Amino acid sequence: MLRGGGLLSRPCYPARPARAPAGEPMSKQPITPRDQDYSRWYLDVIAHADLVDSSPVRGCMVLKPHGYAVWEAIKDDLDARFKATGHVNAYFPLFIPQSFLSKEAEHVEGFAKECAVVTHHRLKATPDGVIPDPAAQLEEPLVVRPTSETIIWHMYGRWISSWRDLPLLINQWANVVRWEMRTRPFLRTAEFLWQEGHTAHATRTEAEEEAQRMLQVYRDFCWETLAVPVRTGVKTASERFAGAVDTYTIEGLMQNGWALQCGTSHFLGQNFARAFDVTFQNSDGDLEHVWATSWGVSTRLVGALIMTHSDDAGLVLPPRVAPIQIVIVPIYRADKRDMVMDFVGKVRGLLGRRFRVHVDDRDNMKPGAKYFEWERKGVPLRLEIGPRDVENSAVFSKLRTQDGKFGLDVDDGLADKVAEVLDGMQQALLDAAVARRDAATFEVDSYDALKAGLESQPGFYLVPWKDDADNEAAIKADCKATIRCYPLQGQDAAAGRTCFYSGEPATHMALFARAY
RNA sequence: CGGGGAGUGGCUCAGUCUGGUAGAGCGUCGGCUUUGGGAGCCGAGGGUCGCAGGUUCGAAUCCUGUCUCCCCGACCA
């Protein structure tokens, strides 16, 4: 898609790779190498893996089956973790009365600039096409939810009256809309899918514990399932969620050394309870405002996944979230077809119950072409089965992240062996990501060192810091680095040190980085 | 909203300067042949050249207007 100055021309999410020399079939077009142009590499990987397509509406993406399947795997795993911690799912409406958004002052300020607003309920045909019918204007405009705190707290006000109604632990899986100026697939889209947990508690302590508990759930999920080694921390006031008292975050570090906020968990204090007048009678008979949390992760996690593990050959998916964990590619000449396919059926039978297996039996493609396709799509393990393998009762195997192929004996605990191989890959991906992150994490104590470091070695920069929003803004304006968080671990190190920027006594250890 | 660029089959583009029957590669469809790392041959379908006016015997091409998209900046899970 070279046009103009070599820039992407179609809407943000190319169905085809960003660069397409005329005459090259898509499958042979190279994925732009990471070290050449990281953001184009990202778009190329997504295009080659067929995860999304562009939308006629700017900033929106169509999640294609393979892309949606990755989200589904994320969703299924997280949903089980939410249930295991006592939460239940519910669903709140897409539309929020406009007036609700003005009830919590900071909340308004945070979201007002990016809300889609519905003003009419009917269209009218005109010679130039349909227009909103002027006669069908809504009395009160409706806001398409940018997040659901307001509608949920409105409802909680009706549901909560006694300490016996608490805690209320509800999650919803939903879409939200934030009218962003600039978008990138998965990382920032105008509409995205996410989950938002909203809980109500009788005490401050209980709510604070909930916010931290869910942060740990996110952390564990990222490490264990996505193999994305996120850091946990607290946001500064300027990066805090609009309306929160504290915002906790999980921050990942991508291969280009930029940080990515992967999820947040907020302690909301009594802000929303006051705004929506949600009170409960405690066991002493007194009326109190409830304490709240909210927490969410979104389809942005797919972006984190892509940018953490993928390589110049395309998408790499950890086995636990791979929609297809094993692809079987049969190889045969016409006279051997039945023999090979019978054996393929046997192997599928041995593996199909424990793994997500796909048999690629298309007969208009050569095996080699299939290999490249499934590698681009990030399938962790490929089994090649030809006449020779049938005779040996074995399969020829290739792991997405390893050079070389290896044989696996079909009659001797194949499924266990495959499980071992996939677990090994899952672990290897995490180890590699941790190693990359650690190699790109630095501790400096002067601002010059931060600025120089960000240029030569982008990454996480840990510094002693005196909490100060003005200085934070000045640094952001100067070198684009922001405080990703005050890490939960290691804050003791700030004691007795001076701020790397102001020279005043440090209050925190701060993690700086350039971020998406 | 400020600055830059682009709109031609599904995709990537040529053609526009210098007006004269709308093209190529890839993909798609059909047939034959092939299959242990990106197959080959033959054939077919597919575009009112973003839109609206104008100039002209004749407009993808020239003129005017307009819309949309992309990039950089301000905003952001």
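Letters A, B, ... mirror the listed sequences (proteins, then strands); counts begin at 1. Remember, it's a predicted structure, so these values are computed and weren't measured experimentally.
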Separation of [X] atom [atom1] from [N] atom [atom2], in whole Å?
| X | N | atom1 | atom2 | answer |
| --- | --- | --- | --- | --- |
| D53(A) | G10(B) | CG | P | 14 Å |
| R388(A) | G37(B) | CZ | C1' | 13 Å |
| L193(A) | A77(B) | CG | P | 18 Å |
| R382(A) | G38(B) | CZ | C1' | 12 Å |
| H48(A) | C26(B) | NE2 | P | 17 Å |
| R484(A) | A77(B) | CZ | P | 8 Å |
| N364(A) | G31(B) | CG | P | 12 Å |
| W374(A) | G38(B) | CH2 | P | 18 Å |

Paired with [N]: which nucleotide, if any, by Watson-Crick or G-U wobble criteria at under 3.5 Å for both distances?
| N | value |
| --- | --- |
| A22(B) | none |
| G38(B) | none |
| A14(B) | none |
| G43(B) | C29(B) |
| U66(B) | G50(B) |
| A60(B) | none |
| C1(B) | G73(B) |

- Query: Quick one: the side chain of K405(A) and the base of G37(B), do they pair up donor-acceptor inside 3.5 Å?
  - Reply: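 Side chain to base: pair found, below 3.5 Å.
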- Item | W223(A) atom CH2: more than 12 heavy-atom contacts under 6.0 Å |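 For W223(A), atom CH2 is crowded (more than 12 foreign heavy atoms under 6.0 Å).
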Suppose you measure atom [atom1] in [N] against the same atom in [M]; what distance do you get, rounded to whole Å?
| N | M | atom1 | value |
| --- | --- | --- | --- |
| G9(B) | U61(B) | P | 15 Å |
| C1(B) | A60(B) | P | 33 Å |
| U28(B) | U64(B) | P | 43 Å |
| G45(B) | G27(B) | C1' | 13 Å |

- State whether a side-chain donor-acceptor pair under 3.5 Å links R213(A) with T199(A).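 There is no such pair (donor and acceptor under 3.5 Å, judged by atom type) between the side chains of R213(A) and T199(A).
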- Item | Check: D79(A)/W173(A) side-chain N/O donor and acceptor closer than 3.5 Å |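 Side-chain D/A pair, D79(A) to W173(A): present.
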- Could I get the full list of side-chain hydrogen bond (donor to acceptor under 3.5 Å, both in side chains) partners for N471(A), not counting sequence neighbours? none
- Message: Does anything in residues 234-247 of chain A come within less than 4.0 Å of RNA chain B? Heavy atoms only, and list the residues if so.
- Response: none
- Task: Report yes or no: is the ring centroid of F372(A) under 5.5 Å from the six-membered base ring centroid of G38(B), with the two planes under 30 degrees?
- Result: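 Per 5.5 Å and 30° rule: yes, stacked.
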Sugar-phosphate only, base, or nothing, as touched by [X] at under 4.0 Å among non-hydrogen atoms:
| X | answer |
| --- | --- |
| F192(A) | base |
| R362(A) | nothing |
| P330(A) | nothing |
| E375(A) | base |
| Q261(A) | sugar-phosphate |

- Look at the side-chain N and O atoms of K366(A) and state whether any lies under 4.0 Å from the OP1 or OP2 oxygen of G36(B). yes
- Query: Step by step, would you call E196(A) with V176(A) a side chain to side chain contact (heavy atoms under 4.5 Å, CB included)?
  - Reply: CA-CA 10 Å; E196(A) 44 181 327; V176(A) 287; 4.2 Å; yes
- Query: So which one's nearest nucleotide on RNA chain B is more toward 5', P387(A) or K476(A)?
  - Reply: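 Nearest-nucleotide comparison on RNA chain B picks P387(A).
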- Message: Is there a side-chain contact between E210(A) and F267(A) in this structure, where contact means two heavy atoms from C-beta onward sitting under 4.5 Å apart?
- Response: no
Among [options], the nucleotide that comes nearest once only the side chain of [X] is considered:
| X | options | result |
| --- | --- | --- |
| Y332(A) | G36(B), A39(B), U35(B) | U35(B) |
| T189(A) | G36(B), U35(B), A77(B) | A77(B) |
| R300(A) | C75(B), A77(B), U35(B) | A77(B) |

- Message: Between the side chains of E239(A) and R484(A), is the shortest nitrogen-to-carboxylate-oxygen separation below 4.0 Å, so that they form an ion pair?
- Response: yes
- Item | Basic-acidic side-chain contact under 4.0 Å: E106(A), R240(A) | no
- So F192(A) and W194(A), would you call those rings parallel, tilted or perpendicular, with 30° and 60° as cut-offs? perpendicular
- Item | The single option from H87(A), H198(A), H266(A) passing ring-ring contact (aromatic ring centres under 6.0 Å, His included) against W295(A) |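 Considering H87(A), H198(A), H266(A), a ring-ring contact (aromatic ring centres under 6.0 Å, His included) with W295(A) is found only for H87(A).
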